[in-house]
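Naming convention: chains lettered A, B, ... in sequence-line order (proteins, then strands); numbering from 1 in each chain. FYI, side chains are in, hydrogens and waters are out, and symmetry mates aren't considered; it's all heavy atoms of this structure. Everything numeric in this text was worked out from a predicted model, so none of it was measured.
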Amino acid sequence: LAKTTQPISMDSYEGQEVNITCSHNNIATNDYITWYQQFPSQGPRFIIQGYKTKVTNEVASLFIPADRKSSTLSLPRVSLSDTAVYYCLVGFSNDYKLSFGAGTTVTVRA
Amino acid sequence: NAGVTQTPKFRVLKTGQSMTLLCAQDMNHEYMYWYRQDPGMGLRLIHYSVGEGTTAKGEVPDGYNVSRLKKQNFLLGLESAAPSQTSVYFCASSYPRLALQETQYFGPGTRLLVL
């Protein structure tokens, strides 16, 4: 299983863009990169998934460089409701033992 | 479509007592998982199941047992609760996806306090 490293916490203000970088130096050829978001007292929920280059959806963008040893989750124009813990996961199909790690606590202030 | 539900939402146990946590999903997912979450430690996989009648150990299985008698249900049992099992327990489910990593759908969690 590829291990991931991400910052423990990040602070931001409303309206700013938040970028969270996840390092995964040992990522395997078949591995995908997935990000989850967890609000207090709730279970994590899927945000975005990618394999290479850039993926964008209505919530976030995911940037993956050519070597795939890191990835960056970008949250555009955050609001107070984006305060949450964000987890970076690396794995592949049938990879059941995914490690969520401690995640990155993002705090958005007014 | 309720998604993933967990019962109970909160429970207090005394050391040595037993209990069963129930997870149910109505999405016809093949895979189900039990995690525990402790402060500052993210989620750790306890047990998982890749189909009805099958279970396997995760990262921290000691002190827990599981059963998957029906596809939609995944039970987590504590035979003799210990204070170290005080935690928030999350259940999740997913379906097989060729080539892509499965997306897990999580329940709301069960808070367990063992005194």
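Within a 6.0 Å sphere centred on CD of B/Glu79, other residues, nucleotides and ligands contribute 12 heavy atoms or fewer. Residue-environment remark: CG (B/Leu115) exceeds the threshold of 12 foreign heavy atoms within 6.0 Å.
Tracing side-chain contacts under 4.5 Å through hydrophobic residues (I, L, V, M, F, W, Y), one never reaches A/Phe63 starting from A/Val55; they form parts of separate clusters. One hydrophobic cluster, built from ILVMFWY side chains closer than 4.5 Å, cannot hold both B/Tyr33 and B/Leu22; they sit in different ones. A continuous path of Ile, Leu, Val, Met, Phe, Trp and Tyr side chains, each step under 4.5 Å between heavy atoms, connects A/Val18 with A/Leu80, placing both in one hydrophobic cluster. Under the 4.5 Å side-chain contact rule for hydrophobic residues, B/Val60 and B/Phe74 share a cluster.
Ranked by heavy-atom pairs under 4.5 Å with chain B, the first of A/Pro44, A/Gly103, A/Ala102 is A/Pro44.
At a 4.5 Å heavy-atom cutoff, B/Arg44 makes no contact with chain A through either its backbone or its side chain. With a 4.5 Å cut-off on non-hydrogen atoms, A/Ser41 touches chain B through its backbone and its side chain both.
Shortest non-hydrogen contact noted between B/Gln37 and A/Tyr87 is NE2-OH, 2.8 Å. Taking both residues in full, the closest heavy atoms of B/Gln104 and A/Tyr36 are given as N-OH, 2.8 Å, listed atom of the first, atom of the second, then distance.
Separating the CD1 atom in A/Ile48 from the OG1 atom in B/Thr103 is a distance of 11.5 Å, to the nearest 0.5 Å. Note: A/Gln38 CD to B/Phe106 CZ = 8.0 Å, rounded to the nearest 0.5 Å.
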